[in-house]
Amino acid sequence: MTQAELVVVANRLPVDRVIDADGEPTWRRSPGGLVTALEPVMRRADGAWVGWPGQSDIEVEPFEFEGTYLVPVTLSAEDVELYYEGMSNDTIWPLYHDVIAEPRYRRVWWDSYVKVNRRFAEAAAAAAAPGATVWVQDYQLQLVPKMLREARPDLIIGYFHHIPFPAYGLYSQLPWRRQMLEGLLGADVIGFQRVADAGNFARAVRRQLRYGTKATGITVPNGDGTTRNVLARAFPISIDSASYVELARRPEIRARAAEIRSDLGNPRKILLGVDRLDYTKGIRHRLKAYSELLEDGAISVEDVTLVQVASPSRERVEAYVQLRDEIELSVGRVNGDFDTMGHTAVRYLHQAFPREEMVALFLAADVMLVTALRDGMNLVAKEYVAARADNRGVLVLSEFAGAADELSSAVRINPHDIDGMKEAIMRAIEMPAAEQGRRMRALRRKVLENDVARWSESFLAALGSAGTANRAIRADA
Ligand code: GDG
């Protein structure tokens, strides 16, 4: 088996299994941001990527795909149900998003989570060359850093947490709170989206494990009298900004944006929401604010339309089934109350679209609504900004999204405050072009400068120095 100098470990492989024209299964690169982010780094390093192929019970040998060595981890249908849909998406996801939905704590889910994390750790250990760097991604794999360190003390191990890390008062609900922290602390560097997430993590470590935490790192005992220094800090993730600028320049995409406007009946203003259909995204709050504006007579459907793309997500988890019912009931009510023959209040699309269509939608939208109740970063906010090379359009952004730390020139809202959100939407609708331009230019500077390549480079640079320093401590002992 090939061993790599850089190994990424993520729940999903960067490819989807599809059936080609001859009816044969084949692999297609999946469109995710992480894939784009890591592609150049992986190519340069001849990297390996360990992950689940996305369908249960598929057993495939490791294979080469567009310059990356892919190492599939097999999950049975039961693993998917317990580890992925259960522990990851029905326990950790709601708990870490401030219990917007009620987390369920099931011991069989936890047992499966431990077992599957071990399988990922073993696959990563086998794929890593001596002294290699391993970068573990996200909340499904929080135990992997420690498991990997025990198996392979020679490795440099990084972990990035894509979702929020909750305040201690909430985190402490987790029946396995100590094991999870110890799992993460197997890494040399633990990256978070926001400074506040890193702070919440450090506090949990102090309260649960009594380790000393400083800005320069957390002192973690190795068990043999020596210690390691674990750096836990913010590395806000970003997007491949240049690719959005490029798409937004294409004549056919600009033409498509004009076509979308006219298909919607040329309303004066188009509001847009683009989210995975998830209860963290605040879609119901957004619909509430918008429908009250119609009810108040502040806007009319001829004047303002809301386009809501809600891409299908986690459809086998009960909370998501319920959320979809609630949203579709609200959309039906608003449309029933306010539609005319020629105009619709909410154009609701429970579909996934190609990236080109997304960019056309961004260009057609006068106001982008990002009203998340809690969100690690929210890449959609950054994508909208990157696409608006014309310096027009207004971003309305929840202060509960990680993106709010950097995108301070957006119109900020608290999505729980419906009146405040209504005011912000009206302000965005009425904002003069000069102010739109001023704000958009400031937003674009941030997103174009801090793109995803810079994110991965800065994480890997910090990991290189932290890992080397910890290695030196070990060599001295
Ligand atoms: C997690 C964290 C953090 C959505 N629908 C379609 C589509 N998308 C794309 C968006 C964007 C991505 O999916 C969603 O990213 P977000 O950041 O908005 O949200 P999560 O999926 O919850 O991601 C989040 C992120 O990880 C990265 O660390 O920012 O906080 O929750 O790129 O454009 N893309 C296409 N069609 C769709 O229908 N092509």
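In listed order, ligands and their atoms are each counted from 1.
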Thr68: what forms a side chain to side chain contact (heavy atoms under 4.5 Å, CB included) with it, not counting sequence neighbours?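 Listed in chain order: Met42, Trp49, Leu70.
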Judged by non-hydrogen atoms, does Trp93 sit under 4.0 Å from ligand 1?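 Yes.
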Does Gln193 have a heavy atom less than 4.0 Å from any atom of ligand 1?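 Heavy atoms of Gln193 do come under 4.0 Å of ligand 1.
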Below 3.5 Å, N or O to N or O, backbone or side chain included: is there any such pair between [X] and ligand 1?
| X | result |
| --- | --- |
| Ile163 | no |
| Val274 | no |
| Gly376 | yes |
| Asn378 | yes |
| Phe353 | yes |
| Asp375 | yes |
| Tyr244 | no |

Hey, is [atom1] on [X] packed in by over 12 heavy atoms from elsewhere, all under 6.0 Å?
| X | atom1 | answer |
| --- | --- | --- |
| Arg29 | CZ | yes |
| Glu78 | CD | no |
| Arg392 | CZ | yes |

Quick check on contacts: which atoms of ligand 1 are under 4.0 angstrom from a heavy atom of Glu383?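 So the answer, numbered in order with elements, is 10 (C), 11 (C), 32 (O), 33 (O).
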Gln308-Tyr348 side chain donor-acceptor pair, cut-off 3.5 Å: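 Judged by distance alone, the side chains do not pair up.
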With no hydrogens and no angle check, do the side chains of Asn378 and Asp375 hold a donor and an acceptor under 3.5 Å apart?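 Their side chains do contain a donor-acceptor pair, which is all the 3.5 Å distance test asks for.
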Per atom 5 (N) of ligand 1, closest listed option by heavy atom (Pro236, Ser311, Ala403):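 Looking at heavy atoms only, the winner is Ser311.
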Please confirm whether the backbone N or O of Ser88 pairs with a side-chain atom of Thr91, one donor and one acceptor, at under 3.5 Å?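 Not at all, since once roles are kept as given, no pair shorter than 3.5 Å links the two residues.
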Row check, Tyr320 ring normal vs Arg324 NZ/CZ: under 6.0 Å, within 45°: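 No, Arg324 does not sit over the ring of Tyr320.
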